[in-house]
Amino acid sequence: MISQKMMEINRFIKLLSVLMFVLSLCMKLTSVSATEVRCIERERQSLLKFKHDFVDEYGLLSSWGSEEVQKECCKWEGVLCSNRTGHVVFLHLDASLPFGRLHLKAKLSPSLLELQYLNYLDLSHIDFGGSEIPKFFGSFMKLRYLRLIDSNLTGEVPCELGNLRNLHTLDLGYNDLRINNLECLSHLSSLSYLGLTGVNFVNQTSWLHYITRFPFLKELDLRDCQLPSTVSSFDIFTNSSLSYLSILDLSSNDLTSSFTFHWLFNISASLTKIDLSYNQLEGPIPDGFGELIFLEELSLKNNKFHGGIPKSFGNLSHLYSLDISYNELNGPLPDNKKLNEFHPQGLGLPSSLQRLDLSSNKFKRLPEGIEKLSELRVLVMASNLLDDTITESYLSNLANLTFLDLSFNSLVFNLSSDWIPPFQMQEMQLSRNHLGPHFPNWIRTQNSLGQLDISFAGISDILPDWLWNMPSLKYLVLSHNNIRGQIPNLPSNLVPLGTVDLSYNNLSGPIPLFLFHYRNLQLSNNMFSGSILHLCTIPKGISMLDLSYNQLAGELPNCWMNISDHLIILDLANNNFSGKIPLTLGTLDQLLVLHLRKNNFVGELPSTMRNFSRLIMLDVGDNKLTGNVPAWIGTHLTSLKFLILRFNEFDGIMPSTICRLNNIHLLDLARNNISGRISRCLNNFTDLVQKNSSSIKDTGSLEFNFFYAPDDFYLDNTFVQWKGQDLEFRKLLRHLKGIDLSSNKLVGTIPQEFAALKGLVFLNLSRNHLTGNIISNIGKMETLEWLDLSRNQLSGEIPNSLADLNFLSVLNLSYNNLRGKIPSGTQLQSFNSSMYAGNIQLCGKPLAECPGDISNGSATDQEKGNSFEEDDGFMTLGFYICMAFGFITGFWTVITTLVLKHSWRHSYFNWWNNVGNWMYVTTTIYLRRLKRKFLA
Ligand SMILES: *[C@@H]1O[C@H](CO)[C@@H](O)[C@H](O)[C@H]1NC(C)=O
Ligand SMILES: *[C@@H]1O[C@H](CO)[C@@H](O)[C@H](O)[C@H]1NC(C)=O
Ligand SMILES: *[C@@H]1O[C@H](CO)[C@@H](O)[C@H](O)[C@H]1NC(C)=O
Ligand SMILES: *[C@@H]1O[C@H](CO)[C@@H](O)[C@H](O)[C@H]1NC(C)=O
Ligand SMILES: *[C@@H]1O[C@H](CO)[C@@H](O)[C@H](O)[C@H]1NC(C)=O
Ligand SMILES: *[C@@H]1O[C@H](CO)[C@@H](O)[C@H](O)[C@H]1NC(C)=O
């Protein structure tokens, strides 16, 4: 999931990246001059041939040419010559950018062979169109560096590469390559760096044996290589051939404990960095790590280790980073505990630790000794089962702590409010612990604090004013507490800031202007009152505004063009706003989600709203809106997935353009005065036609995915009528596909086209004036769970295919003119008889037997007599079971994204702050640094 996200991020900033890259090239080109020409003609021609096959949209090779001023190929971009012989020794055309590559395409033609003196060849991130690595690469006898990372190469790694006896660095990672014969590569006796990330090692059961043939290997990267976890014999280590190996990455390989720990502790005593994350390692963490005394970084993330951290880790006096997150650690084993008694300071945690990540394990208590790690800067123990009490003395040694994440535990913080902590924190994530009932005033001392999350913390107190004076705070989440009081009206900051989430508290009073300076402002579910007309004076910058579930009133300001160019989410639902929807709201053309439901808006939907071409959710239900359902909804709001106009006073006919909403998931026009016939083109709703259509994430717009999809909150949020109940959906709405046209004045027949909607989960056409038969092929709507056609004038018999709807759990056909026998089928008989009531000519179970069918048993009872009145309150056990069954996949999607949410939020902020500078620096400096290093 993360990698998919990353790809989307890549695309998102591609444009920006290209600009940066081109800029940096321009700067370099100015230094090209045509003084003395050292370049060797044969090599120049070879390079020109390479350029000929190069699809160079970005002008990467614009300095390469045949004109007189460009003759000196030693000065071409990415080319360097020996200043003694004039031969090209260095070719580096890396098209990488911090977040992707430039999609430069090229061919690996044999003409390159002229460059016999090449020492350094790096063609990483150039797309070679899925070609194989040519065998002639084995003829660059002088090559010391060969890097072809992420170059769209496929096939087998050629044996010929084994001829490159001088090779120091070989990196072929991130391609679609496989190795069939590792033995031939094992002749690369000078190799010190080997990077084969993603190269397929399937069936190479001797991989370990051959790897140990590289005596000078310092760094080995075999990430995601499908390494076999079996090996013929382990005696290959008696001579411990990899004595220089310092950095070892074997992550994402499904390695097992019994295999790995047989050799790992003997392979090299000089290991400084080991990454074994994302494997299948299990059991207690072996003591053997404690013998790798030079170890500085160790990651065992995402395995299945249980028990505690072995005491031997205390020996690792250089270890500064330890990550054992996402395992099943639960504290010291009983026998380990005994050992600890003999070694009172044998804590398993070396005092050199600066970063410790034990998140997502099963620790019930904070591991002993953490409080003594005075070098600790980063401590992450989120998502464990901790319920200790944190006191001042526990934190008093941690003077260097800058990042603390203990969220999703049940820790009790017992810290006095005048405590002065020894640390200056930059980020504190303490959500879902007990910090209350008083507001943790000691936070006031944290002058460098940039991010603070103390949501769900049991705080029941007045919101302190000092929070707004914290100089660095850019991300503040206090939601789901019982925080009261008003927010002072402070002078406004001119620069747009980060995020403030105060939702689900008891804050009251007007919303002060300065709060609108935050990019993301969430104030929902409080008691804020007053108007928001003063919004007109804020600087542009806000991108998400949620004021829902408050007591705000008055008209909306009509100055939205001044408020933001990039508002993505606007949620004003459940307030007392009144008046017309302002015309200028239509200037928010980036809007993805608009909730205005349950206010007192009047008038028509302004035609400026046709600019909302990206809108996914339009929810204006439960207002007093009038006029026709505008035809431009279908022609202009083509991204819509949720259209909710329910409970208004819309009249006129249903516009046929509505059928252009190919992406619609939920069409809710219920409880209006819409007349005319139902459009016959409903089979145009492609997302409803498909049984398992793409989720929002696959098709939604990019920014939405990037910023907000992690919690999906604003999409999974509206009122719909579900199986007869008005329900507020706060989760899972995305998976509910339905059409509700009930309580209107629709006439005519039910269009046959409905049958094509194979993905529909509910259909409510009740309380209209529909006539004709129930469509005969209704059985094709396979996923239908709820069908309500009650209170129309439908006639004819109930079609037999209705009995084919296996998921149907709620059916209401009452008060029509249906006749004949209810088709037999287990479900149809199991519905309450009231669901067929008011059709006097209908018979058969569960109603009375039909006159023709003489069943000699007792005619049960007069069921049909006792419940003629409508049963709208339909919340049975079946309802829940049905929800669970129908949406099981949806549920897991939501849970997974929720788990990821936290880290996403965090990385987003760091990333966005740094990306500008970083990108420029990396693209310009990187090449230069490599050249310098190489020529030195
Ligand atoms: C090139 O030659 C000069 C003078 O002989 C020498 O100082 C320099 O280090 C050599 N290498 C480079 C990369 O300039
Ligand atoms: C690799 O090249 C093939 C053939 O040109 C192309 O279809 C494919 O999309 C490329 N893959 C990547 C990851 O660029
Ligand atoms: C690995 O070996 C098995 C059995 O010998 C064979 O079926 C399979 O195709 C091989 N896989 C590859 C990728 O060579
Ligand atoms: C270890 O090295 C010695 C000498 O270099 C050699 O004779 C011996 O066969 C090697 N042992 C193994 C198991 O490779
Ligand atoms: C905190 O870090 C600084 C270096 O940034 C170091 O000099 C100091 O010793 C550390 N403090 C503690 C208590 O380890
Ligand atoms: C179906 O959708 C397509 C694409 O939006 C549109 O061009 C076409 O007019 C629609 N068909 C009908 C009958 O509305």
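Values reported hereafter were calculated over all heavy atoms of this structure, with side chains retained and with hydrogens, waters and symmetry mates removed. Every number for a ligand or one of its atoms is a count from 1 in the order of the listing.
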* Can you tell me if Lys51 uses its side chain to pair, donor with acceptor, with the backbone of Trp64 under 3.5 Å? -> yes
* Asked: Which residue supplies the protein heavy atom nearest to atom 7 (O) of ligand 6, what is that atom called, and how far is it?
  -> Arg660 CD, 4.4 Å
* To do: Ignoring hydrogens and angles, tell me if any N or O in the side chain of Thr749 forms a donor-acceptor pair with the backbone of Gly772 under 3.5 Å.
  => no
* Structure fact -> Between Met617 and the options Ile644, Leu643, Leu640, Leu666, the side chain to side chain contact (heavy atoms under 4.5 Å, CB included) test singles out Ile644
* Can we say Arg614 and Asp589 salt-bridge, meaning some charged N sits less than 4.0 Å from an Asp/Glu carboxylate O? -> no
* Asked: Under a 4.0 Å N-O cut-off, is there an ion pair linking Glu782 with Lys758?
  -> no
* To do: Look only at interatomic distance and state if Ser656 has a nitrogen or oxygen under 3.5 Å from any nitrogen or oxygen of ligand 6.
  => no
* Looking at atom 14 (O) of ligand 6, what's its closest protein heavy atom, distance included? -> Cys659 CB, 3.6 Å
* Asked: If you measure from each non-hydrogen atom of Asn662 to ligand 6, which part falls under 4.0 Å: side chain, backbone, both or neither?
  -> side chain
* Asked: For Tyr193 and Asp171, does a side-chain donor sit closer than 3.5 Å to a side-chain acceptor?
  -> yes
* To do: Within a distance under 4.0 Å of any heavy atom of Cys681, pick out the atoms of ligand 6 and give their elements.
  => 13 (C)
* Counting from 1, what ligand 2 atoms have a heavy atom of Gly130 closer than 4.0 Å? -> 1 (C), 2 (O)
* Structure fact -> for atom 11 (N) of ligand 6, nearest protein heavy atom and its distance come out as Asn684 ND2, 2.7 Å
